[in-house]
Amino acid sequence: MTLRTRFAPSPTGQVHIGNLRAAIFNWLFTRHEGGEFLLRIEDTDRERSTPEAVQAVLNAMEWLGLTTDGEILYQSTRREAHLAAADKLLQSGHAYKLDKGGTGKGEAVLFKMPGTDMAFRDLIKGDLHKAATDLQDFVIVRSDGNPVFHLANVVDDIHMGITHVIRGDDHVENTYRHVALYRALGAPVPQFAHLPMIVNAQGKPYSKRDGAAYVGDFREKGYEADALFNYLALLGWNPGDDREVMPRDELVAAFSLDRVQAKAAQFDFRKFEWMNAEYLKRLPADVYRQRFRRELSAAGLLPDDVAESYLDAVCALLRERIKSWPETALQAGYFFTEQYPFDPDAVRKRLKKEGATELLAALRDAYSALPSFDAASTEAALRGIAEARGINASELIHPLRVSVTGQPGGPSLFHLLEVLGRDRTLARLARPIPA
RNA sequence: GUCCCCAUCGUCUAGAGGCCUAGGACACCAGGUUUUCAUCCUGGUAACACCGGUUCGAAUCCGGUUGGGGACGCCA
């Protein structure tokens with residue numbers, strides 16, 4: 001029998017990182033074992049299941065590279081099979097009809113629990129058991145004739161031949177019901193593995209109040225899919241050695257459910273950002289340039305007539321400095337517009353300082369007379385002025401940077417000037433000090 | 001309230017009786033490199049929740065306490 005797993009989200013909006021991690025662990029486990037990873041959309045809730053929500057699931061999986069095997073199963077197409085299973089259970093005496101609670105809504109179909117203590121082995125949490133008295137009969141078909149989650153879930157997992165159910169912690173208690181259903185239906189019981197939750201600093205389930213909680217949030221903010229994948233894989237699991245930044249194939253090779261943590265894990269955004277920066281560093285040059293361009297364009301900073309060589313030069317200069325894409329506008333903006341913002345503190349400290357204006361004028365004169373405007377020449381000229389005046393080179397360097405970039409920090413100043421070019425540099429030096 | 005689960009640095013974790021004076025990573029602090037910020041390098045602060053057993057020996061096994069979380073729908 002081939003090992004088979006599934007990801008079975010209900011499309012009710014966006015994909016939460018907790019769900020995404022369940023998908024990742026399923027995928028990693030399946031790829032490691034050489035099995036099949038299937039997708040089932042649990043869209044029986046007509047109210048909330050929209051085509052957009054289904055698309056959000058598909059987009060998220062594609063973005064993260066969570067490849068699936070076989071056709072996608074839409075649970076809404078399985079209604080007849082669910083009801084047939086309920087009939088079978090009614091026939092075999094495993095279920096009965098009842099107007100539960102005397103609501104007058106009509107009779108629902110209830111599944112009859114076996115009346116014995118139950119136990120199952122969870123691949124993550126170990127042996128779990130529950131006393132018969134804590135196991136109550138439950139509704140499998142509502143009085144309006146619609147199948148309930150438990151029935152649909154189990155019937156479909158049987159139909160799909162799922163051998164390993166890897167899902168969230170919140171389903172632990174449901175598992176006793178599900179195991180009983182498998183048995184009553186005469187189907188082999190799959191293996192179960194329940195993943196602990198992702199929590200916030202308060203130990204509560206991580207939600208959008210705690211920051212980026214949906215896959216789309218990460219994507220929109222320009223984080224790397226591979227970084228999110230890697231970080232989430234390491235949240236509640238580790239390879240058993242000190243590796244952390246791990247390419248996809250290494251994760252697959254090292255993954256095993258018995259190294260999954262039994263306790264909840266807190267999402268640490270700072271460590272995630274570190275991970276993202278690690279992935280940014282490793283990006284191939286051409287991919288990096290493509291992303292760089294996309295960010296500038298999104299920020300409305302990319303002129304239509306920009307020269308490719310100029311863009312390349314700026315990109316190369318900033319390559320080691322940008323740790324996340326959202327900061328691109330600030331880091332790179334001044335290369336493309338004269339309307340770059342000035343950092344107020346830097347202006348006060350460097351440009352409004354005694355003598356700064358005069359020094360900048362001297363620099364301007366020297367730079368306009370330079371035979372060649374390259375990094376070595378601009379640096380030599382600046383140091384020459386500093387020496388002639390008996391001042392520290394930094395007395396010139398700081399005002400120059402702020403005047404030309406508006407920022408207190410940035411890439412190597414003289415290389416920056418070379419990329420910026422003489423014309424822009426001189427024009428900026430000639431401008432009055434911003435208020 | 002009932003039932004279930006969990007418990008190592010602030011965070012993610014290594015650790016499956018002696019290798020632990022508890023290791024790594026993020027964060028933090030200090031120093032170095034740098035014109036600046038960042039990077040980078042070096043070093044540092046920081047944890048076995050508590051109590052009792054078992055054992056020659058316990059972070060590791062057992063029990064209890066405390067704390068945290070989850071589940072208790074004709075939702076999924």
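Side chains are part of it too, since the values below use all heavy atoms of this structure and drop only hydrogens, waters and symmetry mates. Lettering follows sequence order; numbering is per chain, from 1.
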Remember a base hit wins even if backbone is also touched, and classify A:His171 as base, sugar-phosphate or nothing at under 4.0 Å, heavy atoms.
base
Return the 5'-most residue of the pair A:Glu320, A:Leu235 with respect to RNA chain B, ranking by each residue's nearest nucleotide.
A:Leu235
Consider the side chain of A:Lys271, meaning its heavy atoms from C-beta on, and name the nucleotide among B:rC26, B:rU36, B:rA14 that approaches it most closely.
B:rC26
May I ask you to evaluate whether A:Asn238 reaches the phosphate of B:rA14, defined as a side-chain N or O under 4.0 Å from OP1 or OP2?
yes
Base, sugar-phosphate, or nothing: which does A:Arg350 touch, judged by heavy atoms less than 4.0 Å apart?
nothing
Distance between the C1' atoms of B:rG70 and B:rC74, in whole angstroms?
23 Å
So what does A:Met275 hit on the nucleic acid, given a heavy-atom distance under 4.0 Å: a base, only sugar-phosphate, or nothing?
nothing
Give one of base, sugar-phosphate or nothing for A:Pro196, where a contact means two heavy atoms less than 4.0 Å apart.
nothing
Is the gap between the ring centers of A:Phe29 and A:Phe37 under 6.0 Å?
no
Same-atom distance (C1') from B:rU45 to B:rU11, integer angstrom
16 Å
With a 4.0 Å cut-off, would you call A:Lys100 and A:Glu107 a salt bridge?
no
Does B:rG1 have a Watson-Crick or wobble partner in any strand here, with both distances under 3.5 angstrom, and which is it?
B:rC72
Whole-Å gap separating C1' (B:rC74) and CG (A:Asn146):
10 Å
Could you give the CZ-to-P distance, from A:Arg78 to B:rA76, as a whole number of Å?
16 Å
Spacing of A:Trp274 atom CH2 relative to B:rU11 atom P, expressed in whole Å
18 Å
Heavy atoms within less than 4.0 Å of RNA chain B: which residues of residues 407-419 of chain A have one? Give them sorted by number.
A:Pro408, A:Gly409, A:Gly410, A:Pro411, A:Ser412, A:Leu413
Could you check whether A:Arg383 pairs with A:Glu387 (Lys NZ or Arg NE/NH1/NH2 to Asp/Glu carboxylate O, under 4.0 Å)?
no
Applying side-chain contact (heavy atoms from CB on, under 4.5 Å), name anything that partners A:Ala22, two or more places apart in sequence or on another chain.
A:Leu195
side-chain hydrogen bond (donor to acceptor under 3.5 Å, both in side chains): pairs with one or both residues in residues 171-181 of chain A, sequence neighbours excluded
A:Lys130-A:Glu173, A:His150-A:Arg177, A:His150-A:His178, A:Arg167-A:Thr175, A:Arg167-A:His178, A:His171-A:Asn174, A:Thr175-A:His194
Does A:Gly236 reach a base, just sugar-phosphate, or nothing at all? Heavy atoms under 4.0 Å.
sugar-phosphate
Got a donor-acceptor contact below 3.5 angstrom from the A:Asp117 side chain to the A:Ala132 backbone?
yes
No-hydrogen, no-angle side-chain donor-acceptor test under 3.5 Å, A:Asn238 and A:Arg259
yes
Rounded to whole angstrom units, what separation is found between the CZ atom of A:Phe269 and the C1' atom of B:rC12?
15 Å
Rounded to whole Å, CE of A:Met118 lies from P of B:rA71 at a distance of 20 Å
Kindly say if A:Arg259 contacts the phosphate of B:rG15, meaning a side-chain N or O under 4.0 Å from OP1 or OP2.
yes
With rounding to the closest Å, how many angstrom separate the P atoms on B:rC50 and B:rA22?
15 Å
When we call it a touch if two heavy atoms are under 4.0 Å apart, what does A:Ala393 touch: a base, just sugar-phosphate, or nothing?
nothing
Heavy-atom nearest nucleotide on RNA chain B taken for A:Thr44 and for A:Pro205; more 5' hit belongs to A:Pro205
Regarding the side chain of A:Glu244, the nearest nucleotide among B:rC74, B:rU13, B:rG24 is B:rG24
Considering Watson-Crick and G-U wobble pairs with both distances under 3.5 Å, what does B:rC61 pair with?
B:rG53
Would you please name every residue forming a side-chain contact (heavy atoms from CB on, under 4.5 Å) with A:Ala380, sequence neighbours left out?
none
Sequence neighbours left out, what passes ring pair (Phe, Tyr, Trp, His ring centres under 6.0 Å) with A:Tyr182? Give chain and number order.
none
With P as the reference atom in both, quote the distance from B:rG15 to B:rA7 in angstrom, rounded to an integer.
13 Å
Going by the rule side-chain contact (heavy atoms from CB on, under 4.5 Å), which residues pair with A:Pro114 if we only count those two or more places apart in sequence or in a different chain?
A:Thr116, A:Met118, A:Ala180
Mind listing the N/O atom pairs, protein and nucleotides 41-45 of chain B, below 3.5 Å?
none

Of B:rU13, B:rU35, B:rG23, the nucleotide closest to the side chain of A:Ser394 is B:rU35
What integer distance in Å separates A:Phe138:CZ from B:rA76:P?
13 Å
Check the pair A:Lys353, A:Glu395 against side-chain contact (heavy atoms from CB on, under 4.5 Å), reporting the backbone distance first and the verdict last.
CA-CA 10 Å; A:Lys353 195 179 176 183; A:Glu395 296 290 319; 3.3 Å; yes
Dump every N/O contact between nucleotides 2-10 of chain B and the protein below 3.5 Å, one line per pair.
| from | atom 1 | to | atom 2 | distance (Å) |
| --- | --- | --- | --- | --- |
| B:rC3 | O2' | A:Lys130 | NZ | 2.7 |
| B:rC5 | O2' | A:Lys125 | NZ | 3.3 |
| B:rU8 | OP2 | A:Lys263 | NZ | 2.1 |

Between B:rC74, B:rG23, B:rU36, which nucleotide gets closest to the side-chain atoms of A:Ala108?
B:rC74
Shortest side-chain distance from A:Asn174, nucleotide among B:rA76, B:rC26, B:rG69:
B:rA76
In whole angstroms, the gap separating P of B:rA76 from CG of A:Asp157 amounts to 15 Å
Who passes side-chain contact (heavy atoms from CB on, under 4.5 Å) against A:Asp374, sequence neighbours left out?
A:Ser372, A:Ala376, A:Ser377, A:Glu418
Between P on B:rA71 and NE2 on A:His150, what's the gap in Å once rounded to a whole number?
12 Å
Tell me which donor-acceptor pairs under 3.5 Å the side chains of residues 84-93 of chain A have, and how far apart each pair is, sequence neighbours excluded?
| from | atom 1 | to | atom 2 | distance (Å) |
| --- | --- | --- | --- | --- |
| A:Lys88 | NZ | A:Leu185 | O | 3.1 |
| A:Ser92 | OG | A:Lys88 | O | 3.1 |
| A:Ser92 | OG | A:Leu89 | O | 3.2 |

Which nucleotide, in any strand shown, forms a Watson-Crick or G-U wobble pair with B:rC9, with both distances under 3.5 Å?
none
Mate of B:rG43 where both pairing distances stay under 3.5 Å, Watson-Crick or G-U
B:rC29
Any ring pair (Phe, Tyr, Trp, His ring centres under 6.0 Å) involving residues 335-361 of chain A? Give me the pairs, sequence neighbours left out, ordered by first then second residue.
A:Tyr310-A:Phe336, A:Tyr340-A:Phe342
Can you tell me which residue pairs pass the side-chain hydrogen bond (donor to acceptor under 3.5 Å, both in side chains) test with a partner in residues 195-205 of chain A, sequence neighbours excluded?
A:Asn200-A:Asp210
Roughly how far apart, to the nearest Å, are B:rU36 and B:rC19 at atom C1'?
48 Å
What interatomic distance, in whole Å, is found between C1' of B:rG17 and the corresponding atom of B:rG43?
34 Å
Nearest to the side chain of A:Lys281, heavy atoms from C-beta on, is which of B:rC40, B:rG73, B:rA76?
B:rC40
